[in-house]
Protein chains: 2
Amino acid sequence: MPQTSRAKKLPRLDKRAWIAAAFAELAAHGWDGVRVEPMAAMLGVTKGSFYWHFADRDALFAAMFIRWAEGRVRAIRNETVDDADPRALLYRLIDLYARGPNTNGLAIELAIRGLTRSDSRAADAVAMVDGERLARVSALFAKLGSKTSESEAKAFLFYAFVFGQSLIAGRRDASLRAAASALIVE
Amino acid sequence: MPQTSRAKKLPRLDKRAWIAAAFAELAAHGWDGVRVEPMAAMLGVTKGSFYWHFADRDALFAAMFIRWAEGRVRAIRNETVDDADPRALLYRLIDLYARGPNTNGLAIELAIRGLTRSDSRAADAVAMVDGERLARVSALFAKLGSKTSESEAKAFLFYAFVFGQSLIAGRRDASLRAAASALIVE
DNA sequence: AAAATACCATACGCTACCGTATGGAAAGAA
DNA sequence: TTCTTTCCATACGGTAGCGTATGGTATTTT
């Protein structure tokens with residue numbers, strides 16, 4: 001009875017488990033690395049489970065966009081709810097994005113953004129996240145005294161920097177990043 | 001005689017034609033979109049031609065990294081040979097990267113940079129290009145009066161901005177980009 | 001002109017992977 | 001306990017695409 005072997009040992013998977021596996025694969029290998037059968041093997045099931053939860057890979061992608069966007073919006077709201085110094089908050093945000101446990105997060109971010117030109121669902125997810133982020137960071141700059149249009153330009157620069165800095169080869173020491181961050185924040 | 005049909009009509013392809021087709025596919029679809037048989041069809045030949053010129057896809061990728069790096073280094077050298085105002089030069093560079101005919105160029109750039117973690121040849125190509133670019137742009141900032149460490153930070157910020165700005169959703173009007181550019185350059 | 005070189009077309013074998021259909025088993029509800 | 005729902009395993013069919021081998025032809029060299 002091969003079928004009882006897994007069911008006896010591990011709880012049933014839900015959609016979340018599959019989506020989490022997909023994000024891990026996305027971070028490591030990009031969109032074409034998100035494959036049903038290899039992921040099934042990793043999760044210790046067969047693709048029967050996958051196709052119960054999702055109509056096809058495309059449905060998985062759609063779920064990923066939504067999950068990612070909701071998570072990112074929730075995160076920026078949590079991260080900017082603090083009443084601390086806006087300046088310190090901005091530096092902390094850069095640190096969150098630029099280093100620490102966010103290597104996968106940034107890879108996922110870049111992968112999703114890479115799809116915005118060809119998939120409107122990705123574009124919608126990104127628009128939702130960016131709208132919230134730019135508004136929140138712009139408000140922080142406003143608290144530091146910038147006028148509206150300058151706050152918006154700084155927020156734009158802030159996020160462009162966050163995404164772009166990870167792509168540059170060479171020295172990655174904290175001092176260069178800190179110096180560049182200061183050019184934005186101060 | 002099916003074999004004479006193309007040879008009679010079109011000149012023979014060389015490596016360059018194949019590499020150019022690969023870059024177009026890379027820009028449009030990413031690395032997994034760079035496929036031998038579809039490209040052959042687009043070029044009006046069969047894969048016999050491809051496998052005469054390249055051992056396999058991997059050899060094509062290697063050639064692409066080298067071609068790209070040489071082209072980018074050549075370009076930045078040409079673009080910064082001018083004796084014009086360093087400030088105007090910096091603005092022109094941003095424009096070159098951020099708009100105009102560089103949509104494909106930026107997509108290729110991001111695709112190659114996306115591989116640096118998993119392919120040392122890509123990492124080498126990127127390191128070569130970034131070294132040249134950061135040095136050149138840093139020198140421009142030095143001409144504007146910045147000290148060495150500040151010039152380097154500004155050059156880092158400059159390129160992070162160039163790569164990142166294309167990834168941000170929402171308003172893409174020239175005024176926001178110009179305002180952000182001014183925060184870097186002025 | 002003949003020989004050598006460069007280029008290309010086609011056939012072939014293989015496989016990773018997708019999606020579909022069907023039946024089985026676990027878990028939940030009545 | 002029985003029935004229903006949820007979840008999963010497996011078999012199947014199909015194919016896009018890779019790389020290899022072989023033969024043909026155009027172009028260049030001698």
Side-chain angles (χ1 to χ4, degrees), chain A residues 1-64 67 111 115 118-119 121, chain B residues 1-65 111 115 118-119 121:
Chain A
M1 296 226 212
Q3 189 151 344
T4 60
S5 69
R6 172 190 154 89
K8 262 224 153 152
K9 295 178 179 176
L10 296 168
R12 293 175 159 208
L13 301 176
D14 58 5
K15 255 185 189 333
R16 284 173 175 278
W18 277 103
I19 292 172
F23 276 127
E25 288 299 281
L26 176 62
H29 306 296
W31 289 106
D32 284 288
V34 182
R35 301 168 179 215
V36 178
E37 293 186 307
M39 282 195 294
M42 276 174 248
L43 290 168
V45 294
T46 65
K47 63 189 173 179
S49 173
F50 176 83
Y51 287 107
W52 166 258
H53 293 285
F54 302 95
D56 49 29
R57 270 171 93 247
D58 195 63
L60 168 66
F61 292 169
M64 287 166 79
R67 173 65 52 80
L115 278 196
S118 54
D119 191 320
R121 299 166 306 181
Chain B
M1 293 231 210
Q3 191 151 340
T4 60
S5 72
R6 173 190 155 88
K8 263 219 154 163
K9 295 179 177 174
L10 295 167
R12 293 174 159 209
L13 301 176
D14 58 7
K15 258 186 197 306
R16 284 173 176 277
W18 278 102
I19 292 172
F23 276 127
E25 289 298 283
L26 176 62
H29 306 296
W31 288 106
D32 285 288
V34 182
R35 301 171 178 216
V36 178
E37 294 186 308
M39 282 195 295
M42 278 175 249
L43 290 168
V45 294
T46 66
K47 62 190 176 183
S49 173
F50 175 83
Y51 287 105
W52 165 259
H53 293 285
F54 302 95
D56 49 29
R57 269 169 96 245
D58 195 62
L60 169 66
F61 291 171
M64 287 165 78
F65 296 142
L115 278 195
S118 55
D119 192 320
R121 299 165 307 181

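Only this structure's heavy atoms are used, side chains among them; waters, hydrogens and symmetry mates stay out. Naming: A, B, ... by sequence-line order, numbering from 1 per chain.
- For the atom pair CH2 (A:Trp52) and CG (A:Leu13), the distance works out to 14.0 Å, reported to the nearest 0.5 Å.
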Given the rule in the side-chain contact (heavy atoms from CB on, under 4.5 Å) test, do A:Leu43 and A:Phe50 qualify, once you have shown the distances and angles that lead to the verdict? CA-CA 10 Å; A:Leu43 290 168; A:Phe50 176 83; over 6 Å; no
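- When rounded to the nearest whole Å, the span between CG of A:Leu43 and P of D:dC7 equals 15 Å.
- A straight line from NE2 of A:His53 to P of D:dA9 spans 10 Å, rounded to a whole angstrom.
- Residues B:Trp31 and B:Phe65 place their aromatic rings such that the two centres sit under 6.0 Å apart.
- Taking CZ of A:Arg57 as the start and CE of A:Met64 as the end, the distance is 9.5 Å to the nearest 0.5 Å.
- Looking at B:Arg35, its side chain never comes within 3.5 Å of a backbone N or O of B:Glu25 through a donor-acceptor pair.
- Closest contact between the side chain of A:Arg35 and the listed nucleotides D:dC7, C:dC8, C:dC18 involves C:dC18.
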Would you list the protein and nucleotides 3-5 of chain D atom pairs, both N or O, that sit under 3.5 Å from each other?
none

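- The interatomic distance linking A:Leu13 (CG) with C:dA27 (C1') rounds to 15 Å, in whole Å.
- Residues A:Trp18 and A:Ala40 approach most closely at CH2-CA, 3.6 Å, considering heavy atoms.
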Could you go step by step and tell me if B:Phe61 and B:Leu26 meet the side-chain contact (heavy atoms from CB on, under 4.5 Å) rule? CA-CA 10 Å; B:Phe61 291 171; B:Leu26 176 62; over 6 Å; no
Sub-3.5 Å pairs of nitrogen or oxygen atoms, protein against nucleotides 19-22 of chain D:
residue: D:dG19; atom: OP2; partner: B:Tyr51; partner atom: OH; Å: 2.6
residue: D:dG19; atom: O6; partner: B:Lys47; partner atom: NZ; Å: 2.3

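- Partners of A:Arg121 by salt bridge (Lys or Arg N to Asp or Glu O under 4.0 Å), not counting sequence neighbours, listed by chain and number: A:Asp58, A:Asp119.
- Rounded to whole angstrom, the span from the CG atom of A:Leu60 across to the P atom of C:dG19 amounts to 10 Å.
- Between the NZ atom of B:Lys15 and the NE2 atom of B:His53 there is a distance of 8.0 Å, given to the nearest 0.5 Å.
- The CZ-P distance, from B:Phe54 to C:dC7, rounds to 11 Å in whole Å.
- Between B:Asp32 atom CG and C:dA16 atom P the separation is 16 Å, expressed in whole Å.
- In this structure, B:His29 atom NE2 and D:dG17 atom P are separated by 11 Å, rounded to whole Å.
- To the nearest angstrom, C1' of C:dG19 lies 17 Å from CH2 of A:Trp52.
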